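Computed from a prediction, not measured in an experiment: that's the story for all the values here. Basis for what follows: all heavy atoms, side chains included, without hydrogens, waters or symmetry-related copies.
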Amino acid sequence: MIARLTQAHGPLMFHQSGGCCDGSAPMCFLRGEFRTGASDVLLGHIGGDCPVWIGAAQFEYWQHTQLTIDLVPGRGAGMSLEAPEGFRFITRSRVFSDEEAAALAAAGPPPLGDSV
């Protein structure tokens, strides 16, 4: 779906919502359409070069978990680009193991929106 949306719209980005529009669903936007700032944390990239961001308040809650963005049939209520396709992105999570948590702590804090 990320490849299909990229082909149709151009470079994409995700922002893990903190409850706006579609609960706490990951929202897919045309890159740059959603402006990130100092309160957004870069979690990484998926589907090649598609950045995934989360607000700092949400990051505080979820920083001890691995987040996986998945795709399921159905239509979300938000403004995410996949909505007209009959699918919606969801976030699945699991708590990091002690070893994973230690490795992340050793790596230091993730980049923020105003530093990328």
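A heavy-atom distance below 4.5 Å is found between the side chains of F14 and I2. Between T91 and T68, every side-chain heavy-atom pair lies at or beyond the 4.5 Å cut-off.
Every residue two or more places apart in sequence or in another chain that forms a side-chain contact (heavy atoms from CB on, under 4.5 Å) with E60 is listed here: Q63. For R4, the side-chain contact (heavy atoms from CB on, under 4.5 Å) partners at least two apart in sequence or on another chain are M1, E85. Taking the side-chain hydrogen bond (donor to acceptor under 3.5 Å, both in side chains) definition, one finds that E33 meets it with nothing, sequence neighbours left out. Residues passing the side-chain contact (heavy atoms from CB on, under 4.5 Å) test with H45 are L42, D49, P51, sequence neighbours excluded. Partners of R35 according to the side-chain hydrogen bond (donor to acceptor under 3.5 Å, both in side chains) rule, which considers only residues two or more places apart in sequence or in another chain, do not exist here.
L30 and W53 fall into different hydrophobic clusters, where Ile, Leu, Val, Met, Phe, Trp and Tyr side chains are chained together by heavy-atom contacts under 4.5 Å. A continuous path of Ile, Leu, Val, Met, Phe, Trp and Tyr side chains, each step under 4.5 Å between heavy atoms, connects Y61 with F59, placing both in one hydrophobic cluster. Clustering ILVMFWY residues whenever any of their side-chain heavy atoms sit less than 4.5 angstrom apart, transitively, puts I46 in the very cluster that holds W62.
Atoms CZ and CG, on R88 and D70 in that order, are 11.0 Å from each other to the nearest 0.5 Å. Rounding to the nearest 0.5 angstrom, the gap separating the CZ atom in F89 from the CD atom in E82 is 5.0 Å. Distance check: F34 CZ to C28 SG gives 12.5 Å after rounding to the nearest 0.5 Å. Residue R75 holds its CZ atom at 10.5 Å from OG of S80, rounded to the nearest 0.5 Å. Annotation: the span from F96 atom CZ to H64 atom NE2 amounts to 10.0 Å, rounded to 0.5 Å. Here T36 contributes atom OG1 and F29 contributes atom CZ; the two are 11.5 Å apart, rounded to the nearest 0.5 Å.
The nearest pair of heavy atoms linking P110 to V41 is CG-CG1, 3.2 Å. For the residue pair L112 and A38, the shortest heavy atom distance occurs at CD1-O, 3.8 Å.
Counting only distance, with no hydrogens or angles, the side chain of S93 and the backbone of L67 share no donor-acceptor pair below 3.5 Å.
Residues I90 make up the rest of the hydrophobic cluster containing V72, defined by ILVMFWY side-chain heavy atoms closer than 4.5 Å, directly or through other members.
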